[in-house]
Each structure stands twice: as structure tokens, then as C-alpha cells.
There are 2 protein chains.
Amino acid sequence: MKKENTSQGVKEIARRANVSTATVDRVLHNRTGVSEKTKKRINEIIKELDYQPNLLASRLASKKIISIAIVIPSVSEETDFWEAPLRGVKRAEAEIKQYGVSTQVFFFDLNDKDSFSGKIAEVLRGDFQGVLISPSYIEETTKFAAECELRKIPFVFLDSNIPELHSLSYIGPHLFKSGYVGAKLLTYRLERDKKILIINISKEIDNFNYQKIEEGFRSYFQDRGQSGEIVRIDIRETDYQSVARHLTYVFHLNKDIGAAFVTNSRVHTVASFLKNSHRTHVSLIGFDFISENVAYLENNVIDFLICHRPEDQGYRGIMALYQTLVVNAQVSKLSYMPIDIVTKENYEFYHN
Amino acid sequence: MKKENTSQGVKEIARRANVSTATVDRVLHNRTGVSEKTKKRINEIIKELDYQPNLLASRLASKKIISIAIVIPSVSEETDFWEAPLRGVKRAEAEIKQYGVSTQVFFFDLNDKDSFSGKIAEVLRGDFQGVLISPSYIEETTKFAAECELRKIPFVFLDSNIPELHSLSYIGPHLFKSGYVGAKLLTYRLERDKKILIINISKEIDNFNYQKIEEGFRSYFQDRGQSGEIVRIDIRETDYQSVARHLTYVFHLNKDIGAAFVTNSRVHTVASFLKNSHRTHVSLIGFDFISENVAYLENNVIDFLICHRPEDQGYRGIMALYQTLVVNAQVSKLSYMPIDIVTKENYEFYHN
DNA sequence: TACCTTTACGGGCACGTGCCCGTAAATTGC
DNA sequence: GCAATTTACGGGCACGTGCCCGTAAAGGTA
């Protein structure tokens, strides 16, 4: 089978407008050097034909390379969570490399604000046409966003959002609803008079993500007028010893805790504690498909993991920038990921 | 930033081998007209350079159009399930249309074997280079697969599988495990002495999919030595009246049914019955994110829906054929979809 | 009027690959 | 040994777009 042989694209427009393809090209890229009236004539024909440029030919002919910077936490000993978004980024890159898109990844230390500042400064020194960033520190990100806006560099937020800033798009979970789902699962078979424990393990004090999750979690009970007692604890050190010490204390004060909800991926530390202290009858829920968590899922210590397709997040983040920078198409400002429920029974097919 | 200026691709190979690009081209497409020794020389250089053809240029220069046939059930009054795979197909098509790929969809009536035969005959009369098919009828599909193999037309199975046939790939759920997950969810808070009801509503007698699901469901109980009584019922008519009649009878015989598991997307019919007969205390689980089901999820009549990302299935199906026919890359023979758990709390973010 | 600058366009090559057509060289037939 | 055929290869255009360069025409200045 053969393609249609009608002359297509710029040539056809040029023919109808009685000009050369170069002139049409000038109009398409709104460069100077075209009189108003021919410009108008050409634009009308473009509209009439509903002209869509041939990306193949365009990218083939163009020598421009589009560079995208990715700013994400490095994979630490504590968590390999960011492996997944990175995979997604690489997958997207492989797909669109042929269109002249290249990426460069900047890893920062999640526990070190200065490393974050350093990396975004480095990005600004480089010559990037788009940025995909995990906005871990609000203040620094705000400055960075202002500079990007000045330079007209589109940026996409990954995994957590700062709605006030004018990002091209946010790609990540709806945190409030994630907490809500956690509450539903955690209490699905909880006995009436048992207490619920919310555990927040994090070095960062000002992290607003956990607040949103906790709000969602609590609102589930408000919505149904249930008012079982909810205990909460903040733990500022992430090592096992510290966590165990705090938890021992809490469980000592509250003998009748039936379920525990961890607001992030450090649920495996809690799982470890529950196992060591023979408290595996306590229902346990947390976030993210990381290897330590999956191990405790397998062991029946963790009941459910809530996940947000981190690989897909990375992929979609790059693709959103690609749509804007190369295809010149619109992308939606908010792209909430599904709230996936992972259990011992279905985790082997989960696409993280 | 500019692209590297080193001469690339076929030209570079030709230069090194002291031949013209035309000769290299002949080797690349193993056409005739090249002596053995030059062929060998060129092949060595190709290997040495790890030559990857530029898809952009290739597809731009080629006038060939690749046609893919899609054979799926039509959206019926009973279910709009197949809307989702169709969306995925369209999404894939939009992405790769520029590479000269076109698709044609053939809808058959899921309750009419002859319409299935008719459509596959039509596909074979057409000039297609690849087929994406939902193999609803085994015997007819077997014949079709044999003919495709003869003509060297790759075909991909969607949503259900016939492992004996040499499909390029199967894209769909792991049915056994899906049933297993259903059992876990259904009994997560089931009281000890309550009975479980398995409901199979389908006109097709020989459908092996449901058997696999039921096996998985039952094996969950075997794995944990639980032997609560399991009742099962087959209903061969899909209309509400028939289903209600059968269910009335079953519930009359078994007063203590605490949970019901429907092996396919017709769970909404059962939900309707449970609601009308004031039996919403019975836990209910079924399959697929179709609008009727979601409505009962919202109503708390259905507890969970198990889903397998039908849109993604359609997308991946087309992409598997694209990888084979255009990119000439390998695709994995089995591509199990995640077993997603959809509840009232998270359905609004589900990407079906 | 003569000269210079600016504007408004056209010509044409390049991107990397596919493929048609032409032809020198090698092979075959008698 | 000569013509006919086959083999093995090169030249070069086409795909649709980007963009450099050249130039006629229009406008400006003395």
C-alpha cells in the first residue's frame, strides 16, 4: 500500500498562496521579513488546510537539540524510591531521543537543603529549555521558579506540588485523597474500640505533603461520624533506633492500638519494629513500592501499600515538556496519578 | 546547541566500505545484487558502528503504509468495557500515525459467534501487516492464527489468552491471580461462619477465562487452609430478570451468605439485585471499571472492583505491533497487566 | 540623480534513508 | 571470439521542513 500522493504541507500552502516555501516557513515560525498582507493570506490558508507540520521532517531538518534538566533526590541508603521516576525519565528519553531531545539529571541529597540549592543554581547556569523538578524545599523552589518564568523556561513539578507557582504542570498524587484511601483500608476490618496511630517519620519539619495526607486520613472519619481515638506521633530521626524508642513509648502509653498509618515510605522501619516487638496483629499501612516495604508486605506485617506509579510520573513529566517544547501542544496543568493499592496478592504484577 | 556534525548512518558506512549508499541499503534490507564479500565487509562495519537506522529519515523517505487490524467486541448495551481498549488504540495510533501506521477496527458482537467469524474473514481478505485481536472464540481464533502464521502476519492477543497459539504477545491480566486477589479482598473482614457465593453470568458456555479466575479465587482458601463453604452458580442469561430469579433461589437455599464474587463485569446486575432485595450487607466484588459498576461502588453496594487497565492494554497492543513491524525490535511474549483495586475512595483518579 | 539601507521575498541545499534507473563488468551460450 | 544475459554496483531524486544566502524592489538621504 502506498501513501497518498497529493503534495502536502508547506509546499501546498506555498502553491496556494503564490509564494515560496521559505515565506510560508517565516510565517509558521513567526520570523520577520513578511508583509502583513501576505502573512494574513498565508495564515488563512494554514487554517483552512488545518496544517499540521510533519514532525519527522521537521526534526530531521532541524539541527537544534532540546535539553531538559531533571532535578530529583538521589537514591539513598534510606530509600530507593527515586529509582522509579528515573526509569520513567529514561524510558521517555529513549522514545524521543530521535527527535533531538536530550536530558541531564541532577541528583540532590534529600536531607541537605544546600545540595538542593546548589543543583538548581547549576541548572540555571546551564542552557536548558525545560526543567522537571521535585520541589522538595519551598523557598528555594520559589526563587528558582521566578527565574525560570523570567527566562521563559517551562518547569514541571514531580511527586509534590506548590500550587502557587506557575508550573507548566504538576504530575503526582492527590495527597489528601491518598490519606483518605489509607483510612478506608486501615479501618476496613478494625475493631470498634481500638485506637489508630498516625506516624510521621521525617527530618524535614516544614513538609506540607504529610499534612495533606493526614488531613485526608482524618477526614475519612469525620465524613462518617466515626470518632475512634486517633493518636499521632512525629519522629524527627529516621534511623531504626530512634524510631523504635519513640514507638515503644507510644505503645506503652496506649495499650489498645489496633492500626498504624505511616505517612510516607518509611513504613518499613515501623514494620521492623512491630515485628521485633511481636505486635504484628496491628494493621499497618504506608506508602510506596520500595523493596524494603515489599518484603514486609510479603511477610504480612504490612497490610497495604499505597502507590502512585512513580515510573509513570517520570515518564509523563518528560513527555509534558516534550509536548510543549517540540510538538507545541497544550498539556494539562494538573495530572493526578491513580491511587494504587498494593497487597501481598497483587504486588508481583504491579508496574511501579 | 547544535547536533554533532560527524557524518552519520548509511553514508558513513558507505564511506568506510568504499561503496555507495545504495549498496549499503541493499545489505540493510537484504535485497539481492550484492556480492558475498562486499556484503560481508559491509555487515562487519555495521556491527562495528552498532548502526541504528534513523527512524525519522526512514519513515519520511518510505512511502509504505503499515496497516493494523483491530478485532474487538463492539460496545453493547450490556457493557461499555471495550470503549477503554479502543481509546488506547486511538491514542497509540495518534502517536505513530506520523510513522505511516494506520489502523482499522472491526467490531463483532460478543454474543454472536458468526459475527466473529465474519470479521476475521474480512480481516484476512484485507491487506494487513498486523492484527490485534480479542480471541473470544477458541476454535475460530485457532483457524485464524494458523492462517496468519502462514502469511507471516504477527498477531497480538488482548485481554484473554490462548497460550497454545503462537501470538506475538499476550497483553492482559493474569486471571488466576486476579481471582486470588478478589478472594483476599472479599474475605478481609468476612465473619467466620458465613458462606461465600461465586456468580458466573455469561452466555458463553466454554469460556475458559472464568474458570481460571475461579481457580485463583478458590486457591486463596486452600493456601490458608480455610474451608468456609463456597456456593457457586452459573447463570446463562444476562438480563436482570433471569439473574434476579436465579439469585433469589440461591439466597433462599443459603441463608447465611456473607459475600459474593462475580467473575466478570456483570457485577452491576448482582448489585442491582442485592439493593432491590435489601441485602447490601453482603460484601460484593467484581471486575472492570464500567459506568454501571462505578455507580454501585459509589453507593457502597459494590465493595471493590478489580481492573486491568483496559486502555493501557489497547495502547500496548498497538505498540507491540509497531515495535515489531516498524522498529523491528523484540517484544515480550507475555505482558501481564497490574491487578488494580478500585474502591469508592480512589476511583476518581483511576486511569481506566 | 546617484548611492545606501531596509524590506520582502525566492532559490536551493541539507537532514538520513528508500529506491528507481542506468551502466560497466562479469558470466554465459554458441 | 562475439553477442546476450546476468550481476554488482553508483548516481541521483524524493520525502517535508529548516534556514542560509542572494537579490529585486521600495524607501531614504544628500
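Per chain, numbering begins at 1; letters A, B, ... match sequence-line order.
Heavy atoms of A/R31 sit under 4.0 angstrom from primed sugar atoms or phosphate atoms, though from no base atom. Backbone-only contact: B/N54 has heavy atoms under 4.0 Å from sugar-phosphate atoms and none from a base. Among the heavy atoms of the strands, none lies under 4.0 Å from A/T32.
For B/H29, no side-chain nitrogen or oxygen approaches OP1 or OP2 of C/dC19 to under 4.0 Å. Phosphate proximity of C/dA8 to A/T38: absent, as no side-chain N or O sits under 4.0 Å from OP1 or OP2. OP1 or OP2 of D/dC9 lies within a sub-4.0 Å distance of a side-chain N or O belonging to B/S35. Between A/S62 and C/dC15, a side-chain N or O to OP1/OP2 separation shorter than 4.0 Å is absent. In this model, the phosphate group of D/dA8 is not approached by any side-chain N or O of B/K37 to a distance below 4.0 Å at OP1 or OP2. In terms of phosphate contacts, A/K11 brings a side-chain nitrogen or oxygen within less than 4.0 Å of OP1 or OP2 of D/dC15. Here A/T23 reaches the OP1 or OP2 of C/dG10: one of its side-chain N or O atoms lies under 4.0 Å away. Taking only side-chain nitrogens and oxygens, B/K39 never comes nearer than 4.0 Å to OP1 or OP2 of D/dA8. Side-chain N/O atoms of B/S58 include none lying less than 4.0 angstrom from OP1 or OP2 on C/dT17.
A salt bridge is absent between B/D127 and B/R151: the closest approach of a Lys/Arg side-chain nitrogen to an acidic carboxylate oxygen does not fall below 4.0 angstrom.
Take the nearest nucleotide of DNA chain D for A/R26 and for A/V10: the residue whose nucleotide is more 5' is A/V10. Nearest-nucleotide mapping onto DNA chain C: of B/D25 and A/N18, the residue sitting toward the 5' end is A/N18.
Checked by atom type, the side-chain pair B/E149/B/H166 shows a donor-acceptor distance below 3.5 Å. Residues B/S35 and B/T38 bring a donor and an acceptor atom of their side chains to less than 3.5 Å of each other.
Scanning atom types as modelled, no donor and acceptor separated by under 3.5 angstrom connect the side chain of B/R59 and the base of C/dG16.
Whole-Å rounding puts the B/Y99 OH to C/dT17 P distance at 14 Å. Between the CG atom of B/L60 and the P atom of D/dC15 there is a distance of 9 Å, rounded to whole Å. The distance between atom CZ of A/R15 and atom C1' of D/dG16, rounded to the nearest whole Å, is 16 Å. A/Q98 has its CD atom 14 Å from the C1' atom of C/dT17, to the nearest Å. For the pair A/N30 CG and C/dA8 P, the interatomic distance rounds to 15 Å; values are reported in whole Å. Here the C1' atom of nucleotide C/dA26 and the CD atom of B/E36 are 16 Å apart, to the nearest Å. Atom CD of A/Q52 and atom C1' of D/dG16 are 14 Å apart (whole Å). In this entry the distance linking CG of A/L56 with C1' of D/dG18 reads 15 Å, nearest Å.
Below 30°, between 30° and 60°, or above 60°: for B/F106 and B/F128 the angle between ring planes is above 60°, a perpendicular geometry.
Nearest to the side chain of B/V19, among D/dA14, D/dG10, C/dG10, sits D/dG10. The A/S20 side chain lies nearest to C/dG10 when the options are D/dG12, C/dG18, C/dG10.
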Take B/E12 and B/R15 through the salt bridge (charged side-chain N to carboxylate O under 4.0 Å, His left out) test and state the conclusion after the steps. CA-CA 5 Å; B/E12 174 65 13; B/R15 198 182 58 76; 2.9 Å; yes
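With hydrogens and angles ignored, the 3.5 Å screen pairs no side-chain donor or acceptor of A/T23 with any backbone N or O of A/V19.
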